Amino acid sequence: MSTKIALVTGAASGLGLASATKLAQSGHHLCLVDIDAAGLEKAAQHIRNLGSEAVTFCADLGQAENCQEAINSAIEAFGQIDTLCNIAAVMLPARTTDMAQSAFETTLAVNLAAPFYLMQAALPHLIDAHGSIVNVASAVGISAQAYNAAYCATKAGLIQMTKSLAMEYIHEPIRINAVAPGGMMTPLARNMMNVENPDPGLLARTTPLRGLVEMDDVADMVAFLASEKARGHHGSCIVIDKGMCAG
Ligand SMILES: NC(=O)c1ccc[n+]([C@@H]2O[C@H](COP(=O)([O-])OP(=O)(O)OC[C@H]3O[C@@H](n4cnc5c(N)ncnc54)[C@H](O)[C@@H]3O)[C@@H](O)[C@H]2O)c1
């Protein structure tokens with residue numbers, strides 16, 4: 001098995017860490033990117049314990065220039081990138097009239113602008129490597145959730161951005177796909193509890209009737225889409241939500 005290089009954002013926690021783990025287990029070396037320095041170092045040690053090489057790049061991806069630097073750091077360390085996994089995100093739910101401008105702008109910068117700038121910087125390397133991009137969107141980018149307008153908009157935007165790039169690069173040797181998970185128990189998901197006096201009827205509309213999605217199942221899909229086994233997938237958005245978006 002030839003060693004491949006994956007750059008994973010949001011790798012210090014939750015789905016990013018779980019996906020980096022799956023990628024290491026399938027023979028990748030990792031460039032781990034996150035704003036959380038301590039979490040990133042723990043994640044790197046975990047990946048090294050699995051027998052893969054890991055380098056870290058600690059930065060706020062909400063600053064556009066850091067996205068180019070993140071890609072540069074992977075190229076400097078490994079000389080190539082085979083897979084870019086855009087997993088870092090923030091969710092800052094609020095009633096629309098209460099939402100601070102800074103929270104709205106951060107949500108757009110981290111969840112939508114950063115994946116764009118990372119893809120822009122990585123595309124030449126990924127095409128050279130006949131590689132792949134996996135963008136993590138959300139089921140609420142398809143079936144919207146109250147009190148979460150900015151987050152839902154970024155996730156819907158990321159799905160269309162994935163498809164637009166898939167069309168633009170349809171003649172190039174690269175695959176570009178998205179995953180749209182339903183609710184998973186992570187620090188990000190717990191933020192939903194910060195909304196004051198929400199209407200329970202509205203929250204029930206996106207309550208997962210079959211329970212939360214297992215993070216491991218989503219990480220398996222990220223690793224699958226990154227792999228050559230997913231050669232039939234380009235411009236796909238795979239929903240893993242235990243039926244949440246079905247009706
Ligand atoms: N948890 C859920 O219910 C759920 C559902 C659907 C989709 N998702 C998506 O899954 C992905 C992973 O989220 P998670 O649930 O594992 O949450 P998480 O909070 O565990 O992980 C998010 C990671 O992103 C990093 N991050 C945040 N802001 C950053 C910044 N400015 N620069 C760099 N890194 C930054 C955090 O430090 C953290 O490590 C996200 O894209 C999220 O939108 C989550």
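Note that ligands are numbered from 1 as they come in the structure, with each ligand's atoms numbered from 1 the same way. By convention here, the first residue in the shown sequence is residue 1. Since the model is a prediction, treat every value here as computed from it, not as a measurement.
Residue Asp34 has at least one N or O atom closer than 3.5 Å to an N or O atom of ligand 1. Backbone and side-chain nitrogen or oxygen atoms of Val90 are examined, and none is located within less than 3.5 angstrom of a nitrogen or oxygen of ligand 1. Ligand 1 has no N or O atom lying under 3.5 Å from any N or O atom of Pro181, backbone or side chain. Checked by distance only, ligand 1 and Ala139 stay at 3.5 Å or farther apart across all their nitrogen or oxygen atoms.
Side-chain contact between Phe78 and Leu30: absent, with no pair of heavy atoms (C-beta onward) separated by less than 4.5 Å. The shortest side-chain heavy-atom distance between Leu123 and Tyr169 falls under the 4.5 Å cut-off. Looking at Val136 and Ser19, their side chains never come closer than 4.5 Å, going by heavy atoms from C-beta outward. Counting heavy atoms from C-beta outward, Leu17 and Ser13 have side chains that stay 4.5 Å or more apart. Between Tyr117 and Gln68, the closest side-chain pair of non-hydrogen atoms is not below 4.5 Å. Residues Phe224 and Ile238 form no side-chain contact, since every pair of their non-hydrogen atoms from C-beta on lies 4.5 Å or further apart. Leu61 places none of its side-chain heavy atoms less than 4.5 Å from the side chain of Ile35. Residues Lys4 and Thr83 are not in side-chain contact: their nearest non-hydrogen atoms beyond the backbone lie 4.5 Å or more apart.
Comment: Glu168 does not engage Lys163 in a salt bridge, judged by the lack of any side-chain N to carboxylate O separation of less than 4.0 angstrom. Classification of Lys22 and Asp216 as a salt-bridged pair holds, one side-chain N sitting under 4.0 Å from a carboxylate O.
By the criterion of a heavy-atom distance under 4.0 Å, the backbone of Ala59, and not its side chain, is placed next to ligand 1. Contact annotation: for Lys155 versus ligand 1, heavy atoms closer than 4.0 Å belong to the side chain alone. If you look at Ala109 next to ligand 1, there are no close heavy atoms at all, none under 4.0 Å.
Ligand 1 has Gly182 within reach: a non-hydrogen atom of the residue lies less than 4.0 Å from it. Contact annotation: Gly183 has at least one heavy atom less than 4.0 Å from an atom of ligand 1. In this structure, Ala18 does not count as a contact residue of ligand 1, since none of its heavy atoms falls inside 4.0 Å of the ligand.
Looking at atom 10 (O) of ligand 1, its nearest protein heavy atom turns out to be Val136 CG1, 3.5 Å. Nearest protein heavy-atom contact of atom 34 (N) of ligand 1 is Ile35 N, 3.3 Å. Nearest protein heavy-atom neighbour of atom 3 (O) of ligand 1: Met184 N, 2.7 Å. Nearest protein heavy-atom contact of atom 16 (O) of ligand 1 is Leu15 N, 2.8 Å. The shortest contact between atom 17 (O) of ligand 1 and any protein heavy atom is with Leu188 CB, 3.2 Å. In this structure, the protein non-hydrogen atom closest to atom 43 (O) of ligand 1 is Tyr151 OH, 2.5 Å. At the top of the distance list for atom 20 (O) of ligand 1, counting protein heavy atoms only, stands Ser13 OG, 2.6 Å.
Within ligand 1, the atoms closer than 4.0 Å to a non-hydrogen atom of Leu61 are 30 (C), 31 (N), 32 (N), 33 (C), numbered from 1 in the order shown. Near Ala89, the atoms of ligand 1 lying under 4.0 angstrom from a non-hydrogen atom of the residue are 22 (C), 24 (O), 27 (C), 40 (C), 41 (O), 42 (C), 43 (O). The Gly14 neighbourhood of ligand 1 comprises atoms 16 (O), 20 (O), with distances under 4.0 Å to a heavy atom of that residue. Taking every heavy atom of Ala88 and a limit of under 4.0 angstrom, the matching atoms of ligand 1 come to 24 (O), 34 (N), 35 (C). Each of the following atoms of ligand 1 lies closer than 4.0 Å to a heavy atom of Ala137: 7 (C), 9 (C).
Taken to the nearest 0.5 Å, the CD1 atom of Ile240 stands 11.5 Å off from the OG atom of Ser138.
With hydrogens and angles left out, the side-chain atoms of His28 and Ser52 include no donor and acceptor closer than 3.5 Å. Glu105 and Gln101 share a donor-acceptor pair across their side chains, judged by distance under 3.5 Å alone.
Considering only non-hydrogen atoms, atom 14 (P) of ligand 1 lies nearest to Thr186 out of Asn86, Val33, Thr186, Asn66. Counting heavy atoms only, Ile87 comes closest to atom 12 (C) of ligand 1 of the residues Thr106, Ile87, Thr107. Between the choices Asp60, Asp36, Asn191, the shortest heavy-atom distance to atom 31 (N) of ligand 1 belongs to Asp60.
The cluster map of Ile, Leu, Val, Met, Phe, Trp and Tyr, joined by side-chain heavy atoms under 4.5 Å apart, puts Leu165 and Ile81 in the same cluster.
The other members of the hydrophobic cluster of Met185, by chain and number, are Leu212 (side-chain heavy atoms under 4.5 Å, ILVMFWY only).
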